Trainee: 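The following block contains the structure, expressed as structure tokens.
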Protein chains: 2
Amino acid sequence: MVKQRKETNGVMRKTVNTAHQEPETERRILQSAEKVFYRQGYDGARMQEIADEAGINKALLHYYFRSKERLFDAVFSDAVMRLVPPVFAVMNSNSPLMDKVRAFVDAYFNTVVNNPFLPGFVVHEMHRNPSRFSEIIRASRLLMLDGLQHQLDLGAESGELIAMPAEQFMLNLLSLCAFPFVAAGAMQSVSGKNDSDYQHLLEERRQFIPQWMARMVERDASSNQQC
Amino acid sequence: MVKQRKETNGVMRKTVNTAHQEPETERRILQSAEKVFYRQGYDGARMQEIADEAGINKALLHYYFRSKERLFDAVFSDAVMRLVPPVFAVMNSNSPLMDKVRAFVDAYFNTVVNNPFLPGFVVHEMHRNPSRFSEIIRASRLLMLDGLQHQLDLGAESGELIAMPAEQFMLNLLSLCAFPFVAAGAMQSVSGKNDSDYQHLLEERRQFIPQWMARMVERDASSNQQC
DNA sequence: CCTTTGTTTAACCATAAAGTTAAACTATTT
DNA sequence: AAATAGTTTAACTTTATGGTTAAACAAAGG
């Protein structure tokens with residue numbers, strides 16, 4: 001009785017096999033891993049699936065990235081670095097508060113519209129292993145709320161703004177931006193909207209969020225009444 | 001050479017083994033499964049871990065719930081039913097808009113403070129399998145936005161409120177309530193807050209969210225200026 | 001044409017996890 | 001106290017998956 005096995009499942013990609021093309025292949029692996037990890041999460045992802053997606057063999061995955069853990073690390077820190085810095089960098093500038101908000105929303109939506117699974121992925125994997133994430137953030141020295149708090153305090157003193165902790169302000173902004181993406185799958189399936197309807201809803205939010213944020217914090221909110 | 005295995009890992013609970021106590025055991029299994037699934041998600045959860053947590057053997061799990069899938073289904077629909085109906089029921093009443101908002105926030109926080117992993121769990125599992133969720137929701141006939149939209153339209157006509165699609169209104173409310181829980185692990189690890197600090201932050205939000213929602217949508221927001 | 005070097009693969013291995021089974025145990029009934 | 005029916009268990013089987021290996025392959029240089 002001969003034991004026989006075939007692990008490569010049916011898909012049978014066009015095997016290009018042009019040897020000596022290392023960087024091209026590595027990039028393709030990362031892209032495929034991204035796709036699979038984003039959708040399935042670490043635990044749900046299968047190395048075989050990533051290999052298939054990249055049109056290569058499982059062993060090659062281990063040749064480039066020694067283990068699932070390492071491959072995941074590469075994908076995850078890449079994801080975080082792509083999402084977090086451009087978005088939070090604007091909060092450390094010294095532009096007026098509402099300019100910051102507009103810049104934040106724009107940066108967030110620009111990044112995320114092209115990677116709609118990214119927020120959900122990051123949130124879930126942070127939950128699975130919070131320290132991994134905080135390491136990355138700490139290393140990149142982002143998200144200092146001191147400047148923002150100072151700005152809010154000044155506005156409150158001058159009577160222009162309502163007093164508010166910077167943390168709450170930031171959490172509001174992030175909630176309004178991120179949650180609709182994090183919960184997109186659910187929202188769609190409940191509301192019965194199709195993909196492009198929901199896309200439209202999100203575009204609408206991109207316009208409104210800065211106005212909403214202004215109305216939440218500005219003492220005289222009558223300047224933002226068209227909505 | 002004798003093959004020998006022990007699957008029960010070390011913990012060694014006090015085995016109570018009082019036969020004929022079916023309902024008690026089933027409840028305990030569900031509680032344990034809940035705990036494990038909430039923290040680890042479906043893919044990350046291990047049947048053995050659930051059995052250990054419940055102080056019983058793996059086979060008993062399969063005796064009560066035929067498979068991991070079925071056990072998960074029980075836990076998930078239980079979770080959704082515990083979270084969704086009390087929260088969304090209030091939106092279908094005919095109380096004034098801001099009473100609804102306050103009731104929603106209270107209901108949400110009351111449910112979630114006792115099950116802080118619930119929102120993240122639901123969101124992640126909905127993402128993994130959206131149809132499962134929409135089935136449950138559809139079956140329970142919740143989340144009709146028509147009444148809310150009508151209310152918003154009336155307010156807009158009378159000049160009291162700013163015109164706003166009910167979907168956006170609802171999404172704002174849900175975002176402000178849910179996201180801080182969904183992303184709690186991440187937030188904590190980034191902000192360096194400990195558990196009780198973050199708990200305090202969340203309590204603070206419970207107070208503020210109704211005011212923020214009012215300021216976002218009410219034309220004359222000066223009545224909600226203490227913040 | 002042969003060798004070398006980097007690339008790719010199928011087949012294999014080890015392990016962990018889901019699921020099954022047959023026997024033992026406990027309490028209740030007779 | 002013996003039989004019965006409802007519980008509980010250890011040990012086992014099967015399958016899936018991460019990881020390894022030895023050999024084949026392609027291209028470049030001699």
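This one's a predicted model, so the numbers in the text were calculated from it and none came from an experiment. Excluded from the calculations below are hydrogen atoms, water molecules and symmetry mates; all remaining heavy atoms, backbone and side chain alike, are included. Chain identifiers are assigned alphabetically (A, B, ...) following the order of the sequence lines, protein sequences preceding nucleic acid strands; residue numbering begins at 1 within each chain.
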Trainee: Quick one: is C:dT21 close enough that its OP1 or OP2 comes under 4.0 Å of any side-chain N or O from B:Y63?
Mentor: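 The answer is no; no side-chain N or O of B:Y63 sits under 4.0 Å from OP1 or OP2.
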Trainee: What's the closest nucleotide to the A:L60 side chain, out of C:dT8, D:dT9, D:dG19?
Mentor: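 Selected nucleotide: C:dT8.
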Trainee: Do A:K35 and A:I50 have side-chain heavy atoms sitting under 4.5 Å apart?
Mentor: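 They are not in contact (no side-chain heavy atoms under 4.5 Å apart), so the answer is no.
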Trainee: For A:M47 and A:S67, work out which heavy atoms get closest and say how close.
Mentor: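 Closest pair (atom of A:M47, atom of A:S67, distance): CE-C, 4.2 Å.
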Trainee: Which nucleotide, C:dT21, D:dT20, C:dA18, lies nearest any side-chain atom of A:H62?
Mentor: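 Nearest to the side chain of A:H62 among the choices is D:dT20.
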Trainee: Take atom CD1 of A:I56 and atom C1' of C:dG6, then tell me their distance rounded to the nearest Å.
Mentor: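 For the pair A:I56 CD1 and C:dG6 C1', the rounded distance is 15 Å.
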Trainee: On DNA chain D, does the nearest nucleotide to A:A59 precede the nearest nucleotide to A:D43 from the 5' side, or the other way round? Give the residue.
Mentor: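 Result: A:D43.
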Trainee: Consider the side chain of B:Y64, meaning its heavy atoms from C-beta on, and name the nucleotide among D:dG18, C:dT20, D:dT8 that approaches it most closely.
Mentor: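 Among the listed nucleotides, the one closest to the side chain of B:Y64 is D:dT8.
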Trainee: Distance check needed: D:dT17 P versus A:E69 CD, whole Å only.
Mentor: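 From A:E69 CD to D:dT17 P: 18 Å.
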Trainee: Roughly how many Å is it from CZ in B:F65 to P in D:dT8, rounded to a whole number?
Mentor: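 Roughly 13 Å, once rounded to whole Å.
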Trainee: Rounding to a whole Å, what distance do you find between B:N57:CG and C:dA24:P?
Mentor: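 Computing the B:N57:CG to C:dA24:P distance gives 16 Å.
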Trainee: Scan residues 107-126 of chain A for pairs that pass ring-ring contact (aromatic ring centres under 6.0 Å, His included), counting only residues two or more places apart or in two chains.
Mentor: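 Those involving residues 107-126 of chain A are A:Y38-A:F121, A:F72-A:F121, A:F76-A:F121, A:F109-A:F181, A:F117-B:H127, A:H124-B:H124.
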Trainee: Output yes when at least one side-chain N/O atom of B:T25 is less than 4.0 Å from OP1 or OP2 of D:dT8, else no.
Mentor: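 It does, given that an N or O in the side chain of B:T25 lies less than 4.0 Å from OP1 or OP2 of D:dT8.
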Trainee: When you get a sec, tell me which of C:dG19, C:dT9, D:dT17 is the closest nucleotide to the side chain of A:R46?
Mentor: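 Nucleotide nearest to A:R46's side chain: D:dT17.
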Trainee: For B:Y42 and C:dA17, give me the distance from atom OH to atom P, rounded to whole Å.
Mentor: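 Taking atom P of C:dA17 as the reference, OH of B:Y42 is at 14 Å.
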Trainee: Taking only the side-chain heavy atoms of A:K68 (C-beta and beyond), determine which of C:dA18, D:dG19, C:dT8 contains the nearest atom.
Mentor: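 Among the listed nucleotides, the one closest to the side chain of A:K68 is D:dG19.
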Trainee: Nearest whole Å is fine: how far is D:dT9 C1' from B:M47 CE?
Mentor: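 Whole-Å distance recorded here is 16 Å.
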Trainee: Of all residues at least two apart in sequence or in a different chain, which pass the salt bridge (Lys or Arg N to Asp or Glu O under 4.0 Å) check with A:E204?
Mentor: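 None.
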Trainee: Looking at every strand, decide which applies to A:A45 at a 4.0 Å heavy-atom threshold: base, sugar-phosphate, or nothing.
Mentor: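 Sugar-phosphate, backbone atoms only, no base.
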Trainee: Whole-Å distance between D:dG18 P and A:Q40 CD?
Mentor: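 One finds 12 Å between P of D:dG18 and CD of A:Q40, rounded.
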Trainee: Return the value, rounded to whole Å, for the distance between atom CD1 of B:I29 and atom P of D:dT9.
Mentor: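 It is 10 Å, rounded to the nearest whole Å.
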Trainee: When you check the gap from the basic side-chain N to the acidic O, do A:D73 and A:R132 get nearer than 4.0 Å?
Mentor: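 Answer for the salt bridge query: yes.
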Trainee: Counting only distance, no hydrogens or angles, is the base of C:dG19 paired donor-acceptor with the side chain of B:K58 under 3.5 Å?
Mentor: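 Side chain to base: pair present.
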